[in-house]
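Scroll down for the structure; my scribbles are underneath it.
Residue indices begin at 1 and follow the sequence shown. Note that ligands are numbered from 1 as they come in the structure, with each ligand's atoms numbered from 1 the same way.
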Amino acid sequence: MQDLGAARAILQAAGERPGALCVLTGAGMSAESGIPTFRDALTGLWSRFDPAELASEEGFRAHPQRVWDWYAERREGVRRAEPNAGHHALAAYARRWPGRLVLVTQNVDDLHQRAGNAGAIRLHGDILADRWLQACPQRTACTAADARPGRPPHCAECGNLLRPGVVWFGEELPPAALEAARRAAESCAAMLVVGTSGAVWPAAGLVGQARQRGAKVIIVNPAPSEIDDEANIVMRGTAAQLLPRLLDATDPGD
Ligand code: OAD
């Protein structure tokens with residue numbers, strides 16, 4: 001594959017310094033682990049479900065049980081899933097070149113972490129974590145000990161609800177994660193973008209930021225994305241197929 005050679009050349013030219021390679025992943029990264037994407041026409045979650053109902057604070061407040069149950073089902077899917085060959089290729093690469101790769105993910109599953117990339121920057125939170133819906137009106141904060149079982153679990157003291165620890169539409173990204181991701185995008189020499197439609201900001205904007213600072217951009221995606229124009233190379237294929245081929249034999253400075 002001609003693109004494969006050119007993409008490897010970009011990774012090699014990026015060099016060995018810490019943060020030389022920034023990897024940005026999206027839902028397509030976990031598709032071959034059996035976790036559905038959001039915007040794929042037939043299989044994406046947002047083709048079957050309304051994000052305004054299921055991924056917004058208003059939707060949760062309107063139907064807390066429905067939303068809690070939907071996330072409970074997704075959590076089960078994440079717990080059942082295993083990292084695929086793409087997650088493993090990224091983790092092996094990070095082990096081989098400590099510090100060289102900074103991994104930024106939009107994914108709320110834990111498959112990068114379970115593959116061994118413990119330090120992945122999580123822009124959109126963690127679906128397996130809970131957090132309180134609001135600051136406790138009666139005290140400074142509800143504690144884990146206050147949670148009573150329910151759908152959703154609630155605070156025995158004030159009725160506050162637990163919600164999944166993901167970023168919903170209309171919410172800010174975790175500031176420290178976003179700042180770390182911006183720094184990584186602006187200081188890398190190469191950016192590898194895997195399995196994202198590029199439809200959701202500010203995550204999608206990281207690619208343009210890297211490009212503006214002179215980084216070379218490689219996209220891995222079986223279908224067109226909204227950020228293909230930013231790429232030096234677009235590799236049409238899946239994460240599990242292409243990442244092992246791209247990363248396993250790439251030695252900086254070869
Ligand atoms: P999308 O569902 O928008 O896009 C998934 C992308 O993955 C598409 O471009 C697919 O072509 C591609 N894809 C599908 N299978 C693939 C595979 N096996 N290998 C590689 N790529 C594949 O998902 P995201 O771009 O991640 O927000 O969506 C961004 C955010 O929108 C998500 O983080 C989520 C959603 O609302 C939150 O959960 C907060």
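Residue pairs meeting the salt bridge (Lys or Arg N to Asp or Glu O under 4.0 Å) criterion with at least one partner in residues 194-210, sequence neighbours excluded, are absent.
Between Thr43 and Asp40, the side chains place no donor N or O within less than 3.5 Å of an acceptor N or O (distance only, hydrogens not considered).
Ile35 places a side-chain heavy atom less than 4.5 Å from the side chain of Leu111.
Within the 3.5 Å criterion, the main-chain N or O of Gly59 finds no donor-acceptor partner in the side chain of Arg66.
Under 4.0 Å from any atom of ligand 1, one finds heavy atoms of residues Gly26, Ala27, Gly28, Ala31, Glu32, Thr37, Phe38, Arg39, Asp40, Trp46, Gln106, His124, Val167, Phe169, Gly195, Thr196, Ser197, Val200, Asn221, Pro222, Ala223, Thr238, Ala239.
With sequence neighbours left out, Asp110 forms a side-chain contact (heavy atoms from CB on, under 4.5 Å) with Val78, Gln113, Arg114, Arg122, Leu128. Shown here are the side-chain contact (heavy atoms from CB on, under 4.5 Å) partners of Arg211, two or more places apart in sequence or in another chain: Val217, Glu230, Asn232.
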